[in-house]
Chemist: 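Mind looking over this structure? Questions follow.
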Amino acid sequence: VQAAPQQVAEDKFVFDLPDYENINHVVVFMLGTIPFPEGMGGSVYFCYPDQSGMAVWQLLGFVTNEKPSAIFKISGLKSGKGSQHPFGAMNLPQTPTAAQIGISVELLENLAQQTPVASAAVSSVDSFTEFTQKMLDNFYNFASSFAVTQAQMTPNPSEAFIPANVVLKW
């Protein structure tokens, strides 16, 4: 968790991401100590050095007081094209050595008009549905790891056995 950003302008902040090549997702969240000013939110950008060493900025999405956290997939972005960003005039190195997450404080109306890079979006499946599917897959894999054949079974009147295909069918 990085809770101390580098402030590069009155309304712009950056966080360094060392070892960004091995990061798949980034979670951006507000700590709850300082809310955005009324009618404001934060655009979230990802910056990484391209093959020539130039900074490539891509819009991931936003956070607001009403939506204080977001998860962004950055693993597929490292080969994409940059987009317009508010960090161009900042005093940031144009040849970054590490990736950065940039937060730009902007009007909520402006946030609603921005289009994030499509591949940054995390699954649109309902999070409860996704959790349930993954939990049941995990349960089946766990239960299957104890599978034995009928020949390997030892009679034990106090234990009940459920055939694996019953769980799979369910």
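Every value quoted in this text rests on a predicted model; they were computed, and no experiment measured them. Residues: numbered from 1 along the sequence shown.
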Chemist: How about L60 and P116: do any of their side-chain heavy atoms sit closer than 4.5 Å?
Modeler: no
Chemist: For Q6 and Q100, which I'm curious about, is there any donor-acceptor pair between the side chains at under 3.5 Å?
Modeler: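 Their side chains do not contain a donor-acceptor pair, so the 3.5 Å distance test is not met.
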Chemist: What about F29 and I71, same hydrophobic cluster or not, with Ile/Leu/Val/Met/Phe/Trp/Tyr joined at side-chain heavy-atom distances under 4.5 Å?
Modeler: yes
Chemist: Provide the closest heavy-atom pair for Q114 versus E106 in the form atom of the first, atom of the second, distance.
Modeler: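 Closest approach of Q114 to E106, heavy atoms only: NE2-OE1, 2.7 Å.
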Chemist: Flag yes if L111 and I101 sit in one hydrophobic cluster, no otherwise; membership is Ile, Leu, Val, Met, Phe, Trp, Tyr, and two members link when side-chain heavy atoms are under 4.5 Å apart.
Modeler: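 No, L111 and I101 fall in different hydrophobic clusters.
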Chemist: For L17 and F46, run side chain to side chain contact (heavy atoms under 4.5 Å, CB included): C-alpha distance rounded to whole Å, both residues' side-chain angles, the deciding distance at 0.1 Å, then the answer.
Modeler: CA-CA 10 Å; L17 287 180; F46 174 61; 4.0 Å; yes
Chemist: Give the cluster check for M40 versus V28: same hydrophobic cluster or not, with ILVMFWY residues linked at side-chain heavy-atom distances below 4.5 Å.
Modeler: yes
Chemist: Would you say N138 and N141 are linked by a side-chain donor-acceptor pair, where the criterion is simply a distance under 3.5 Å?
Modeler: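 Note: N141 and N138 side chains miss the donor-acceptor criterion.
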Chemist: Do you know which two heavy atoms are closest between S104 and Y45, and how far apart they sit?
Modeler: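 Minimum heavy-atom separation between S104 and Y45: CB-CE1, 4.4 Å.
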Chemist: Can you name the nearest heavy-atom pair linking F15 to A4, along with the distance?
Modeler: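 F15 and A4 have their closest heavy atoms at CE2-C, 4.2 Å.
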Chemist: Could you grab the distance from atom CG of N165 to atom NZ of K169, nearest 0.5 Å is fine?
Modeler: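 It is 5.0 Å, given to the nearest 0.5 Å.
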Chemist: Indicate the ring-plane relationship of Y48 and Y20, choosing parallel, tilted or perpendicular according to the 30° and 60° boundaries.
Modeler: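 Y48 and Y20: tilted rings.
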Chemist: Applying salt bridge (Lys or Arg N to Asp or Glu O under 4.0 Å), can you list everything that pairs with K134, at least two apart in sequence or on another chain?
Modeler: E130
Chemist: Using only atom types and a distance under 3.5 Å, with no angle test, would you say the side chain of Q133 pairs donor to acceptor with the backbone of L136?
Modeler: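 Such a contact is absent between Q133 side chain and L136 backbone.
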Chemist: With a sphere of 6.0 Å drawn around CD of E38, does it hold more than 12 non-hydrogen atoms of other residues, nucleotides or ligands?
Modeler: no
Chemist: For residues L108 and F13: do they belong to one hydrophobic cluster (side chain heavy atoms under 4.5 Å, members Ile, Leu, Val, Met, Phe, Trp, Tyr)?
Modeler: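 No.
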Chemist: Could you walk me through whether F142 and Y140 satisfy the ring pair (Phe, Tyr, Trp, His ring centres under 6.0 Å) test, starting with their C-alpha distance in whole Å, then the side-chain angles of each, then the deciding distance to 0.1 Å, before giving a yes or no?
Modeler: CA-CA 5 Å; F142 175 77; Y140 178 75; over 10 Å; no
Chemist: Roughly how far apart are E66 CD and T64 OG1, rounded to 0.5 Å?
Modeler: 4.5 Å
Chemist: How many angstroms lie between atom CE of M30 and atom OG of S69, to the nearest 0.5 angstrom?
Modeler: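 Nearest 0.5 Å value for the CE-OG distance: 10.0 Å.
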Chemist: Test I74 against N24 for side chain to side chain contact (heavy atoms under 4.5 Å, CB included), laying out the working first.
Modeler: CA-CA 6 Å; I74 64 169; N24 290 323; over 6 Å; no
Chemist: In terms of heavy-atom contacts, does CD of Q150 have more than 12 from other residues, nucleotides or ligands at under 6.0 Å?
Modeler: no
Chemist: Please examine the side chains of L59 and S43, heavy atoms only from C-beta on, and report whether any two atoms are closer than 4.5 Å.
Modeler: yes
Chemist: Show the atom names and distances, to 0.1 Å, of all donor-acceptor pairs under 3.5 Å that link a side chain in residues 155-163 to residues at least two apart or in another chain.
Modeler:
unit_1: N156; atom_1: OD1; unit_2: S158; atom_2: N; d: 3.2
unit_1: N156; atom_1: OD1; unit_2: S158; atom_2: OG; d: 2.9
unit_1: N156; atom_1: ND2; unit_2: E159; atom_2: OE2; d: 3.0

Chemist: Flag the pair V105 / F36 as yes when at least one side-chain heavy-atom distance between them is below 4.5 Å, and no otherwise.
Modeler: yes
Chemist: Hey, any chance F62 and F72 share a hydrophobic cluster, counting ILVMFWY side chains that come within less than 4.5 Å of each other, even indirectly?
Modeler: no
